[in-house]
Amino acid sequence: MPGAARMRRMSASRLIVTLAAAPLAHWPALPQASADTSGVEDIPPEAVHQLRIATRRLRALIDVFSPWLKPRWHRRLKAELRWLGHSMGPARDADVLTGETLPALRLEYPDVDWIAIDAHLSRLRSDAREQAALALTSERQCALHALLIEAFGIRDDGRADARAAKALRRPARTPGKQPRALTKHAHNVLRERYIALFPDCRQMAMLDTGQLHALRVKIKQARYSAEALTPWMRKSIRTPYQDTLRAAQTLLGHLNDAVVAQRVLEDAPIAAEQRDTLTGRLDTIIVNATSRAAHALCQLPDAHALERGMRRD
């Protein structure tokens, strides 16, 4: 990846394809489609996780640089990446429940009927991973990968060639000819994503879990946008800003895991008092995660600091 100063001197088209090459390089090799879904176990959970990250970064990229993309390509890429991301969500949730959330509860409450919970979760996890496998090994996923390669002009050696990128608009139809257009656009996006966090991040104790999930989505958008626009942020502001967003996203992720666990336990075949005990403990986790995320977000720079931290050159 070229340095920040060099990236600021790039044309928008060249910058877009350069940034797109990185997540596409981490697109995992996946089994071919088959009528036999037993191959679901051949897809490691980490591959699902890495692919979800790649789709998020690509979605952020096409969102941030939408003025330089053909509308038809933008709509299609956005829709297909959303489909792929959503198809992997339940499998990722089940993996986290199995490997992190419920094992921690098991240590605190060993007398709960974990055999029944494990059997219930095993069925849910199997269904979720089968759904993910069907998507990941489908012709639609293969077509999406090929579409992304074509859209951003990715060559066989993994490098990007803006001249071969099919998704880019002709220069005459972009803001590119305006003086300092890319710098102005970068500043506007950074401001918009920052402003979108308020007032929710200052009144988190008043939000329900659905609203907290929506805030987490905004935090991810702000974080990934800031990462894509790193060349226009001075290190003095970039590092604390991105670290704060990352910390808050992680904490709200733990909150979401607890909410998912509560939903799973609603249908688990266990005694009501055991369910109430576990649900109550998860409520405490949710409250604590909310409080810690709110404290983390208090470390966000103020608007004036963010503005001063944007590069003008």
Side-chain angles (χ1 to χ4, degrees), residues 23-59 77-107 112-148 209-210 213 216-217 220 224 249-250 252-270 275 278-279 282 285-286 289:
L24 284 171
H26 292 91
W27 201 276
L30 297 166
Q32 295 297 312
S34 169
D36 180 10
T37 59
S38 61
V40 61
E41 297 301 330
D42 296 334
I43 304 178
E46 188 58 26
V48 175
H49 180 53
Q50 291 300 323
L51 192 54
R52 289 188 75 204
I53 292 175
T55 58
R56 285 175 186 166
R57 295 190 186 283
L58 286 166
R59 287 174 67 180
L77 291 172
K78 187 174 182 178
E80 290 302 289
L81 286 167
R82 184 190 298 114
W83 159 77
L84 185 59
H86 287 177
S87 69
M88 294 183 287
R92 180 62 180 168
D93 288 344
D95 288 338
V96 172
L97 277 176
T98 303
E100 298 177 22
T101 310
L102 293 186
L105 290 178
R106 189 191 299 260
L107 292 175
V112 168
D113 187 0
W114 289 105
I115 294 177
I117 292 176
D118 288 344
H120 177 63
L121 181 58
S122 178
R123 289 190 293 271
L124 294 178
R125 185 169 183 255
S126 177
D127 291 344
R129 286 182 61 77
E130 180 177 339
Q131 172 187 326
L134 288 172
L136 298 183
T137 62
S138 67
E139 293 182 0
R140 185 174 180 179
Q141 183 278 139
C142 292
L144 170 57
H145 188 219
L147 187 70
L148 289 164
T209 55
H213 176 72
R216 181 173 175 241
V217 171
K220 287 192 290 186
Y224 291 138
Q249 179 183 335
T250 299
L252 291 178
H254 294 329
L255 181 153
N256 184 70
D257 295 338
V259 172
V260 171
Q262 287 182 331
R263 291 173 183 164
V264 169
L265 290 172
E266 286 177 1
D267 299 323
I270 57 175
R275 181 181 297 105
L278 295 177
T279 298
L282 289 166
I285 292 173
I286 290 170

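Residues take their numbers from the sequence shown, with the count starting at 1.
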S.K.: Measure the CD-CZ distance between E80 and R82 for me, rounded to the nearest 0.5 Å.
M.R.: 10.0 Å

S.K.: For the atom pair CG (L58) and CD1 (I53), what is the distance rounded to the nearest 0.5 Å?
M.R.: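 It is 12.0 Å, given to the nearest 0.5 Å.
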
S.K.: Would you call I117 and V264 a side-chain contact if the rule is heavy atoms closer than 4.5 Å?
M.R.: no

S.K.: Kindly indicate whether the side chain of L102, heavy atoms from C-beta on, has any atom under 4.5 Å from the side chain of D118.
M.R.: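 Answer no - side chains too far apart.
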
S.K.: Write down the atom of D113, the atom of I270, and the distance for their closest heavy-atom approach.
M.R.: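 It is O-CG2, 3.8 Å.
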
S.K.: Can you tell me how far apart CG (L51) and CD (Q141) are? Round to the nearest 0.5 Å.
M.R.: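 Going from the CG atom of L51 to the CD atom of Q141 covers 6.5 Å.
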
S.K.: Looking at every non-hydrogen atom in both residues, tell me the closest pair between A91 and A132 and how far apart they are.
M.R.: CB-CB, 3.8 Å

S.K.: Report the distance from atom CG of L105 to atom CG of L265, rounding to the nearest 0.5 Å.
M.R.: 7.5 Å

S.K.: I'd like to know if the side chain of Q262 and the backbone of T279 have a donor-acceptor N/O pair within less than 3.5 Å.
M.R.: yes

S.K.: Calculate, to the nearest 0.5 Å, the distance between atoms CZ and CG belonging to R129 and L136 respectively.
M.R.: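 Atom-to-atom, R129:CZ and L136:CG are 9.5 Å apart.
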
S.K.: Once ring-ring contact (aromatic ring centres under 6.0 Å, His included) is applied, what residue pairs with a partner in residues 117-145 remain, sequence neighbours excluded?
M.R.: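 Qualifying pairs, neighbours excluded: W27-H145.
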
S.K.: Provide the closest heavy-atom pair for R216 versus Q249 in the form atom of the first, atom of the second, distance.
M.R.: NE-O, 3.6 Å

S.K.: Which residues pass the salt bridge (Lys or Arg N to Asp or Glu O under 4.0 Å) test with D257, sequence neighbours left out?
M.R.: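 Expected list: none.
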
S.K.: Salt bridge (charged side-chain N to carboxylate O under 4.0 Å, His left out), that's the test. Do R123 and D267 meet it? Break it down for me.
M.R.: CA-CA 12 Å; R123 289 190 293 271; D267 299 323; over 6 Å; no

S.K.: With sequence neighbours left out, what residues match Q50 under side chain to side chain donor-acceptor pair (under 3.5 Å)?
M.R.: E46

